[in-house]
Trainee: 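Have a look at the structure that comes next, please.
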Amino acid sequence: MTQATNLKLKPVQANGEHDSDHSLDWWRGAVIYQVYPRSFCDTNEDGIGDLQGVISKLDYISDLGVDALWVSPFFKSPMNDFGYDISDYRDVDPIFGTLSDFDELVAQAKIRGIKIMIDQVLSHTSDQHQWFKTSRESKTNDKSDWYVWADAKADGSAPNNWIAIFGGSAWQWDEIRGQYYLHNFLSSQPDLNFHCDELRAQILEEIEFWLKRGVDGFRLDAINFCYHDKSLRDNPFKPLEERTGRGFSPDNPYAAQYHYFDNTQDENLSFLEEVRSLLDNYPGTVALGEINSEDSLKTLSEYTQGDRRLHMGYNFELLADEFSPEHIRNTVNSLESVIGEGWPCWAVSNHDVIRVVSRWGDGVHNTQFAKMTLALAASLRGTLCVYQGEELGFTEANIQQHQLQDPFGIEFWPEFKGRDGCRTPIAWNDDQPHAGFSNRNSWLPVADEHRRHNVAAQVEDNASVLNFYKQFLRWRATQRVLIEGAIKFLDSPEQVLIIHRSHNGEHITACFNLSAEPITFAAPVINKQTPLQGLGVTLDTTIEGLSVSLEPYGFAYFS
Ligand code: BGC
């Protein structure tokens, strides 16, 4: 079950060579299943999922063949950003349960060989956190420097031109303190001041609280946002043609600046080293940093270099709208050219972006598309995060304006519809009210289309996306070359992506048709002209002579 655990893995350098023994690195090439607990399973009948709900589904998760569980925030919070606005780092919000529920989750996961990773939102808190309440009271109290406070300009306006991702200026005037405070997200999510030594020391203690409770690792939210430029320089203007948008849409005013000064400051590297030293006291624990900077791949490389910083970096390149063999090739090649000893973590879906089947697919071949995207993402060099519902091939749910919950969507509707469409509850079956998610109306509706693709129905269907996930992940776990091998791309027709992985003389070549049209092309130069067996599925490929035929969104593996 725990496929990457116990494997004798070594890091693969950009040139494909291995340089040191990392035999205990369970996380290299692992598969991490992301649970968004609000929408997973509700056991206390309030229409919102909870920790007992996650516990009740651990066998389901274990059956998928994943190595670890990343649980999105369940800490005390006013829920303005649904838990990414924490008001107490050390407690569970009553909506989700209690600390003893959390302990039970860790214990039950351990029994099943599943590692538990939790979200740590370190760059900001909720304005309801006691630290902020104290900090805003005066300029002289012991927490006065824990947040980023600045005086107004002479005309009363904000200290500089920084913009919040969720809309408006990144500065909020505070009457009580008579100063502005910085917030990169909602105004109710004030940024912590990592230039302050006491704050940093306190944050490490918050992390250690969870290490002592037995967690195996952390997903560090917005980790490159911890530091800002101390002298508060204005960000430069970004011309239209360069606005791409990762984690925000290109028409968000946030995209109109180069974010040189509001995030990704050099000082962050020493903080990451402090985090790593702490984790090293708890062997086997890992840090996965969420990175969204001007040059995310370069930052990812810096943040994961050597054995003293983060273990893995999570990037947004495959969470973007762009979808083509060229985009994937360019992304991976750019990363490989800078990654050195660093280690990436890939994801094609999460709780912040449109579900991959709707974002990249053609709306017709959804089942095949969902299978292909798993195979593709799991064939890249790195660790993989799978977001709940992805294993069911869920599409983006259609949310009406009156149903909106996400403040990001409420601010930018209708140009950007927010993140509710990827956060709707899991449909467990179709014979219970609310699809087995809850006994009462859920906080977001269960999508009708998801009901049709509910878990119980997919368990019974050999051709389902769910059964493919189980079979594929088990097969992948046996292919060390896919977990630790070097990666390169072979020449292919425009709509085809051919990935070649190699390790200790073993090779796997994987061909993906990224189009809705069948295609036949000359077989790549491969060792044996035979498709790999044991995938647990019928391959959508035929080989005639030296050509490969792939169905729409078909794929094939050769050894
Ligand atoms: C999380 C988002 C959250 C934001 C602010 C992120 O990158 O993934 O869901 O809204 O950080 O905490």
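Position 1 is the first residue of the sequence, and the numbers go up from there. Atoms within a ligand are numbered from 1 in the order they appear, just like the ligands themselves.
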Trainee: Which atom pair, heavy atoms only, marks the closest approach of Ala158 to Ser169?
Mentor: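 Closest approach of Ala158 to Ser169, heavy atoms only: CB-OG, 4.0 Å.
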Trainee: Phe166 heavy atoms, cut-off 4.0 Å: which ligand 1 atoms fall inside?
Mentor: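 Those of ligand 1 that fall under 4.0 Å from Phe166 are 10 (O).
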Trainee: Numbering the atoms of ligand 1 from 1, which are under 4.0 Å from a heavy atom of His124?
Mentor: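 Under 4.0 Å from His124, ligand 1 has these atoms: 5 (C), 12 (O).
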Trainee: Which ligand 1 atoms does Glu290 reach within 4.0 Å, using its non-hydrogen atoms?
Mentor: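 That gives atoms 6 (C), 7 (O), 8 (O) of ligand 1.
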Trainee: For a quick check under 3.5 Å, do Ser56 and Gln52 share a side-chain donor-acceptor pair by atom type?
Mentor: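 No pair is found: no donor N or O on one side chain lies under 3.5 Å from an acceptor on the other.
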Trainee: Suppose we measure from atom 4 (C) of ligand 1 to each protein heavy atom; which comes out shortest, and what is that distance?
Mentor: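 Nearest protein contact, heavy atoms only, for atom 4 (C) of ligand 1 is Phe185 CE2, 3.8 Å.
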Trainee: Strictly distance-based, threshold 3.5 Å: is any side-chain N or O of Asn333 a donor or acceptor partner for the main-chain N or O of Asn330?
Mentor: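 No, because the side chain of Asn333 does not come within donor-acceptor range (under 3.5 Å) of the backbone of Asn330.
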Trainee: Just to confirm my output: which protein heavy-atom neighbour is closest to atom 3 (C) of ligand 1, and how far is it?
Mentor: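 Ranked first by proximity to atom 3 (C) of ligand 1 is Asp81 OD2, 3.3 Å.
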Trainee: Short list, please: which atoms of ligand 1 are under 4.0 Å from a heavy atom of Arg419?
Mentor: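 Counting from 1, the qualifying ligand atoms are 2 (C), 3 (C), 9 (O), 10 (O).
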Trainee: Could you measure the distance from the OG1 atom of Thr125 to the CG atom of Leu192? Nearest 0.5 Å is fine.
Mentor: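 It comes to 5.0 Å.
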Trainee: Using a strict 4.0 Å cut-off to heavy atoms of His351, name the atoms of ligand 1 that fall inside it.
Mentor: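 Listed by number with element: 1 (C), 2 (C), 8 (O), 9 (O).
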Trainee: I'd like to check Asp127 versus Gln189 (side-chain heavy atoms, cut-off strictly below 4.5 Å). Are they in contact?
Mentor: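 With C-beta onward as the side chain, the pair stays apart.
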Trainee: Any luck finding a side-chain donor-acceptor pair between Glu206 and Gln120 under 3.5 Å?
Mentor: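 Note: Glu206 and Gln120 side chains miss the donor-acceptor criterion.
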Trainee: For the rings on Trp210 and Phe218, is their centre-to-centre separation under 6.0 Å?
Mentor: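 No, the ring centres sit 6.0 Å or more apart.
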Trainee: Between the side chains of Arg381 and Glu336, is the shortest nitrogen-to-carboxylate-oxygen separation below 4.0 Å, so that they form an ion pair?
Mentor: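 Salt bridge between Glu336 and Arg381, a charged N being under 4.0 Å from a carboxylate O: yes.
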Trainee: Using a 4.0 Å cutoff against the non-hydrogen atoms of Asp221, which atoms of ligand 1 qualify?
Mentor: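 Those atoms are 1 (C), 5 (C), 6 (C), 7 (O), 8 (O), 11 (O), 12 (O).
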Trainee: With heavy atoms only and a cut-off of under 4.0 Å, state how Tyr84 meets ligand 1: side chain, backbone, both or neither.
Mentor: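 Both backbone and side chain.
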Trainee: Test of understanding: given a 4.0 Å heavy-atom threshold, classify the contact between His183 and ligand 1 as side chain, backbone, both, or neither.
Mentor: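 Neither; nothing of His183 gets under 4.0 Å from ligand 1.
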Trainee: Which ligand 1 atoms are under 4.0 Å away from a heavy-atom of Arg423?
Mentor: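 Numbered from 1, ligand 1 contributes 9 (O).
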Trainee: Using a strict 4.0 Å cut-off to heavy atoms of Asp352, name the atoms of ligand 1 that fall inside it.
Mentor: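 So the answer, numbered in order with elements, is 1 (C), 2 (C), 6 (C), 7 (O), 8 (O), 9 (O).
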